[in-house]
Undergrad: 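Questions regarding the structure given below will be posed in turn.
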Amino acid sequence: MTLSEAQKLVDQWINTVGVRYFNELTNMTILMEEVGELARIMARTYGEQSFKESDQGKDLGDEMADVLWVLICLANQTGVDLTQALQKNFEKKNIRDASRHRNNEKLR
């Protein structure tokens, strides 16, 4: 699935099953909540925190997909084409960081 296809599918789902988009500020808050849930699983899986009973069975990929879903909602609501935005972001990084990381002693 491409980013463009994902944006269309999310939009179709929202406008049928979901009835309508939550407003942008609500979705921004939901995005932060979803990022927090992802961070919790990362901290317990790769960090030093132990799992709580309520964390058991959480799927890392599903948590990432929740973050992506809400981000796609926000893109749809604000008229952002994520394919174009990501391409432009790669161009920016390729110019700005062309030698930055290669010359970073901390990464050797």
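Just the heavy atoms: all of them, side chains too, but no hydrogens, waters or symmetry mates, feed the values below. From a predicted model like this one, the values you see are computed outputs, not experimental measurements.
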Undergrad: By side-chain hydrogen bond (donor to acceptor under 3.5 Å, both in side chains), which residues pair with T29, not counting sequence neighbours?
TA: none
Undergrad: What distance separates E105 CD from R108 CZ, expressed to the nearest 0.5 Å?
TA: 4.5 Å
Undergrad: Write down the atom of R20, the atom of N23, and the distance for their closest heavy-atom approach.
TA: NH1-N, 4.4 Å
Undergrad: If you count heavy atoms of other groups shown closer than 6.0 angstrom to CZ of R102, is the number above 12?
TA: no
Undergrad: L9 and M1: which non-hydrogen atoms are nearest, and at how many Å?
TA: CD1-CE, 3.8 Å
Undergrad: Using the side chain to side chain contact (heavy atoms under 4.5 Å, CB included) rule, take L82 and I72 through it: C-alpha gap first, then chi angles, then the decisive distance, then the call.
TA: CA-CA 8 Å; L82 286 173; I72 289 171; 3.8 Å; yes
Undergrad: Hydrophobic clusters here meaning ILVMFWY residues chained together by side-chain heavy-atom distances under 4.5 Å, can you tell me if V17 and F22 are in one?
TA: yes
Undergrad: Using a 4.5 Å cut-off on heavy atoms from C-beta on, say whether the side chain of V19 contacts that of I14.
TA: no
Undergrad: Are M32 and W69 joined in one hydrophobic group, where the rule is that I, L, V, M, F, W and Y side chains link up if heavy atoms are under 4.5 Å apart?
TA: yes
Undergrad: Are F51 and L38 in one and the same hydrophobic cluster, where Ile, Leu, Val, Met, Phe, Trp and Tyr link if side-chain heavy atoms are under 4.5 Å apart?
TA: no
Undergrad: For a 4.5 angstrom cut-off between non-hydrogen side-chain atoms, does T45 reach L60?
TA: no
Undergrad: Regarding E5 and K8, does a basic nitrogen lie under 4.0 Å from an acidic carboxylate oxygen?
TA: no
Undergrad: Between CE of M28 and CD of E33, what distance do you get to the nearest 0.5 Å?
TA: 13.0 Å
Undergrad: Under the side-chain hydrogen bond (donor to acceptor under 3.5 Å, both in side chains) rule, collect the residues that match up with N15, sequence neighbours excluded.
TA: D11
Undergrad: If every non-hydrogen atom of E24 is compared with every non-hydrogen atom of Q77, which pair is closest and at what distance?
TA: N-NE2, 3.7 Å
Undergrad: Give the minimum heavy-atom separation between K58 and I41, together with the two atoms involved.
TA: CB-CD1, 3.3 Å
Undergrad: Quick one: does R40's side chain have a donor or acceptor within less than 3.5 Å of a partner on V35's backbone?
TA: no
Undergrad: Kindly indicate, with the supporting measurements, whether the criterion side chain to side chain contact (heavy atoms under 4.5 Å, CB included) is fulfilled by L86 and L3.
TA: CA-CA 9 Å; L86 187 58; L3 288 171; 3.8 Å; yes
Undergrad: Restricting to side-chain hydrogen bond (donor to acceptor under 3.5 Å, both in side chains), what partner residues turn up for R100, sequence neighbours left out?
TA: D97
Undergrad: Do C73 and V10 have side chains that approach each other closer than 4.5 Å (heavy atoms only, starting at C-beta)?
TA: yes
Undergrad: Hey, are the side chains of R44 and K52 touching, using non-hydrogen atoms and a 4.5 Å cut-off?
TA: yes
Undergrad: Going only through I, L, V, M, F, W and Y residues with side-chain contacts under 4.5 Å, is there a path from L25 to V67?
TA: no
Undergrad: Looking at every heavy atom in both A98 and N94, which two are closest together, and how far apart are they?
TA: CB-O, 3.3 Å
Undergrad: CG of L71 to CG of D66: how many Å apart, nearest 0.5 Å?
TA: 12.5 Å
Undergrad: Taking E34 for its side chain and L68 for its backbone only, find out whether a donor-acceptor pair lies under 3.5 Å.
TA: no
Undergrad: Is N103 reaching over with its side chain to a backbone N or O of S99, donor-acceptor style, under 3.5 angstrom?
TA: yes
